[in-house]
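These notes concern the structure reproduced below.
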Amino acid sequence: MVNLTIDNIPVSVKENTTIMEAAAGINIEIPKLCFLKGLNEIAACRVCVVELKGKDKLITSCNNVCEEGMEIFTNSKKVIRDRRKTVELILSQHDNRCVICAKSGNCSLQKVANDLNILEIPFAVELEKQPWNKNFPLIRDSSKCIKCMRCIQVCDKMQTLSVWDLHGTGARTTVNVTGYKKIEEADCSLCGQCITHCPVGALSERDDTSKFWDAIADPEKTVVVQIAPAVRTAWGEVFGLKDKDATVGKIVDALKKMGADYVFDTSFSADLTIMEEANEFVHRYTNGLIGDRPMFTSCCPGWVRFAKTQFPRMAKSLSTAKSPQQMFGAVMKSYFAEKIGVNPENMVSVSIMPCVAKKGEREMELFHGEYAGHDVDIALTTRELTRMIRASHIDPKSLEDVVADRPMGDYSGAGVIFGATGGVMEAALRTAYSIIKKENPPADAFKPVRSKAFQENDGTVEAKFKIDDIELNIAVVSGLGNTRKLINKIERGEAKYDFVEVMACPGGCVGGGGQPVKDGYELAFNRGKKLYFLDENSEIRYSHENKDIIALYDEYFHKPLSHRAHELLHVHE
């Protein structure tokens with residue numbers, strides 16, 4: 001153990017503990033802007049400086065380890081003066097119009113500046129302005145960038161796409177797309193992890209809330225909204241709601257109050273996805289179509305974009321089933337439009353998603369009968385939802401549990417767990433077992449595919465299951481860097497799987513790029529637990545037992561993988 005004092009408090013810590021970690025252990029929070037443990041420990045911002053007795057220069061606390069006998073001061077006059085000047089210099093190159101920033105109220109720079117009581121900037125303000133395609137789902141505002149390097153490190157180390165890089169030198173150093181490309185030319189997966197790890201508002205999703213308000217205001221339009229499973233795990237964080245109070249029923253109530261005509265739960269179409277994907281897997285496996293490469297899930301658009309740019313030879317191994325978002329939209333514009341007697345041209349299909357890549361996925365075209373358009377017209381993130389609730393002056397504590405509309409209101413626990421890594425695989429295997437055995441497995445028979453901790457074992461879970469004489473080799477992976485490692489193993493012949501689930505964001509959709517942000521915290525694993533709790537307490541645990549799904553097939557699709565199902569529920573590439 002290493003013994004030292006921090007602000008005159010004796011501390012004993014393990015070797016190689018940083019000063020910042022030691023201080024946190026005694027409830028002393030040292031401010032920081034660039035630090036991300038294991039990803040960005042380069043002390044670029046120098047906001048975390050502390051004073052070491054006997055040393056003239058201040059030292060950074062994020063990447064200096066504790067040594068025996070150190071006397072550290074985190075808030076001395078010298079420290080405060082230096083930290084204040086550093087933040088003032090950062091502010092002199094930062095667009096400080098906080099009231100029109102999506103990150104206002106949840107900005108690390110704003111908090112540090114407020115804590116230091118900075119009321120004016122003594123330096124000349126020089127803002128950098130780089131052009132950007134405002135139609136792209138991911139938006140970068142260079143005038144807000146503080147060059148902390150987080151986006152670069154997250155994209156390099158976590159997602160291995162290297163979309164961002166440093167350009168220039170010295171005072172002219174800036175961050176932009178690697179190779180001086182336009183963002184639409186880069187291999188960006190739209191995972192949004194750079195957004196959720198940005199300490200300021202330099203990176204954000206394209207705000208599409210005005211499109212929603214325009215649709216609501218148009219008397220000719222019927223607005224139909226779907227809510228993804230992962231959204232219910234996080235929206236309440238923004239309003240300080242307890243888990244038991246942040247229900248999906250209250251989101252339904254909020255959207256109805258805003259003026260939505262119909263509101264549904266995407267867990268329904270997650271069940272529909274399972275019906276198609278599980279049957280597709282059983283068909284491929286029993287007909288010898290798996291081969292050396294497994295069938296990969298296709299419900300994560302970030303992963304699909306990654307696969308097509310990084311491993312295009314793997315594209316044919318993707319399931320052809322559309323994602324739950326797209327399937328719901330397709331059903332809205334066909335089956336449901338017919339049910340309620342609305343021309344699909346006058347229907348606006350809106351999705352509330354935990355994901356930025358869904359904004360790109362919604363560009364997928366839909367052709368059905370005389371209709372030519374899109375499955376989904378507007379894709380909004382969880383963050384956009386919370387901003388709309390505030391804009392509508394809705395008190396979240398006044399919301400009541402309102403059930404989703406019919407006839408697509410039922411969903412199973414299997415559909416709910418789609419939002420957590422391993423959830424799609426577990427749900428698919430429950431139904432695949434039923435297809436093969438003509439009976440249900442125990443509901444928790446495939447629990448081993450669940451992750452036991454955030455990013456444990458490089459975000460990968462491997463499992464083997466036996467169904468009669470069939471032995472299935474299964475893998476589940478989240479995070480694109482982890483995915484790259486897994487695919488490389490498959491291609492080198494070091495691993496052989498039959499079915500693989502991939503989620504672009506570490507921890508799955510619950511950790512998606514459109515979810516609320518708590519800087520410095522990875523909340524995906526705990527959010528995922530909420531979905532598994534809902535599954536365990538669900539009356540229906542199998543997608544194929546969802547009565548509304550059964551009715552949909554009886555009335556419209558006839559059976560999984562039918563001609564109409566392929567037309568509306570599968571991609572055609």
Side-chain angles (χ1 to χ4, degrees), residues 102-103 106 134-139 190-192 195-196 201 203-218 221-239 246 248 250-267 269-270 299-302 323-329 332-333 347-364 373-392 394 396 399 404-405 418-419 505 509-517:
K103 206 74 182 281
N106 191 29
K134 295 297 179 68
N135 292 318
F136 195 71
L138 186 152
I139 301 297
L190 289 175
C191 69
I195 298 174
T196 59
L203 291 164
S204 64
E205 71 276 25
R206 183 188 66 222
D207 190 288
D208 291 321
T209 57
S210 61
K211 297 175 185 176
F212 175 81
W213 296 125
D214 288 345
I216 291 291
D218 189 339
K221 301 297 183 184
T222 298
V223 179
V224 183
V225 186
Q226 55 169 304
I227 308 162
V231 174
R232 73 203 66 198
T233 69
W235 76 281
E237 295 168 7
V238 175
F239 302 108
V248 68
K250 292 184 178 179
I251 304 177
V252 174
D253 189 22
L255 289 165
K256 291 277 189 175
K257 283 182 164 67
M258 291 178 205
D261 296 297
Y262 298 92
V263 182
F264 297 98
D265 194 318
T266 315
S267 301
S269 54
C299 54
C300 171
S323 73
Q325 170 184 263
Q326 298 302 109
M327 281 198 185
F328 213 119
M332 288 298 106
K333 298 286 180 79
M347 180 177 282
V348 179
S349 173
V350 182
S351 65
I352 310 294
M353 294 283 138
C355 175
V356 177
K358 293 293 182 185
K359 289 179 180 286
E361 185 186 51
R362 70 140 298 275
E363 298 293 337
M364 186 187 298
H374 301 277
D375 299 299
V376 175
D377 300 298
I378 305 168
L380 302 171
T381 63
T382 310
R383 290 192 296 270
E384 286 171 285
L385 168 68
T386 60
R387 293 202 291 271
M388 292 195 307
I389 291 173
R390 282 181 166 152
S392 302
I394 295 172
L399 294 170
D405 286 300
F418 250 65
C505 296
C509 305
V510 284
Q515 293 280 65
V517 177

So how far is it from K257 NZ to L399 CG, rounded to the nearest 0.5 Å?
5.5 Å
Test side chain to side chain contact (heavy atoms under 4.5 Å, CB included) applied to V517 and R383, step by step
CA-CA 9 Å; V517 177; R383 290 192 296 270; 4.0 Å; yes
With sequence neighbours left out, what residues match K359 under salt bridge (charged side-chain N to carboxylate O under 4.0 Å, His left out)?
D208, E384
Any donor and acceptor pair, going by atom type alone, linking the side chain of W235 with main-chain N or O of A246 inside 3.5 Å?
yes
Once you round to the nearest 0.5 Å, how far does CG of D375 lie from CE of M327?
10.0 Å
Search all heavy atoms of P324 against all heavy atoms of F418 and return the closest pair with its distance.
CG-CE2, 3.5 Å
Decide yes or no on side chain to side chain contact (heavy atoms under 4.5 Å, CB included) for M258 and I394, but give the supporting numbers first.
CA-CA 9 Å; M258 291 178 205; I394 295 172; 4.2 Å; yes
Is there a donor-acceptor pair closer than 3.5 Å between any side-chain N or O of K358 and the backbone N or O of P301?
no
By ring pair (Phe, Tyr, Trp, His ring centres under 6.0 Å), F264 pairs with (sequence neighbours left out) F328, F336
Please identify each residue that fulfils side-chain hydrogen bond (donor to acceptor under 3.5 Å, both in side chains) with R232, with sequence neighbours left out.
D265, S267
Restricting to non-hydrogen atoms, name the atom on I378 and the atom on R362 that form the minimum distance, rounded to 0.1 Å.
N-NE, 4.0 Å
Please report the interatomic distance OG(S351) to CD(Q326), rounded to the nearest 0.5 Å.
8.0 Å
Report yes or no: does Q226 contribute a side-chain atom to a donor-acceptor pair with the main-chain N or O of Q325 at less than 3.5 Å?
yes
Let me see the working for L255 and V350 under side chain to side chain contact (heavy atoms under 4.5 Å, CB included), right down to the final yes or no.
CA-CA 11 Å; L255 289 165; V350 182; over 6 Å; no
Residue list, side-chain contact (heavy atoms from CB on, under 4.5 Å) with A228, at least two apart or on another chain
V231, T266, M353, P354
Would you sort out whether K333 and D377 count as a side chain to side chain contact (heavy atoms under 4.5 Å, CB included), showing the intermediate values?
CA-CA 11 Å; K333 298 286 180 79; D377 300 298; 3.1 Å; yes
Closest heavy-atom pair, V356 versus G192, reported as atoms and distance to 0.1 Å, is CG2-CA, 4.3 Å
Tell me every residue that passes side-chain hydrogen bond (donor to acceptor under 3.5 Å, both in side chains) with T233, counting only those two or more places apart in sequence or in another chain.
none
Partners meeting side-chain contact (heavy atoms from CB on, under 4.5 Å) with D261 (sequence neighbours left out)
T222, V223
Roughly how far, to the nearest 0.5 Å, is OG1 of T386 from CD of Q515?
10.0 Å
I need the minimum non-hydrogen distance between C299 and S323, along with the two atoms involved.
O-CB, 3.4 Å
So S349 and V224, do their side chains get closer than 4.5 Å, heavy atoms only?
no
Considering all heavy atoms, the nearest P137-L190 contact
CG-CD1, 3.8 Å
For C505, which residues count as a side-chain contact (heavy atoms from CB on, under 4.5 Å) partner, sequence neighbours excluded?
C191, Q193
Can you list the residues that meet the side-chain hydrogen bond (donor to acceptor under 3.5 Å, both in side chains) rule with N106, with sequence neighbours excluded?
none
Check side-chain contact (heavy atoms from CB on, under 4.5 Å) between D214 and all other residues, then give those that pass, not counting sequence neighbours.
none
How close do G514 and T381 get, counting heavy atoms only, and between which atoms?
O-CB, 3.5 Å
I'd like to know if the side chain of R206 and the backbone of L138 have a donor-acceptor N/O pair within less than 3.5 Å.
no
Let me know which of I352, T209, V225, V238 forms a side-chain contact (heavy atoms from CB on, under 4.5 Å) with L385.
I352
side-chain hydrogen bond (donor to acceptor under 3.5 Å, both in side chains) with S269: which residues, sequence neighbours excluded?
none
Any residue meeting salt bridge (charged side-chain N to carboxylate O under 4.0 Å, His left out) with R387, in chain and number order, not counting sequence neighbours:
E205, D207
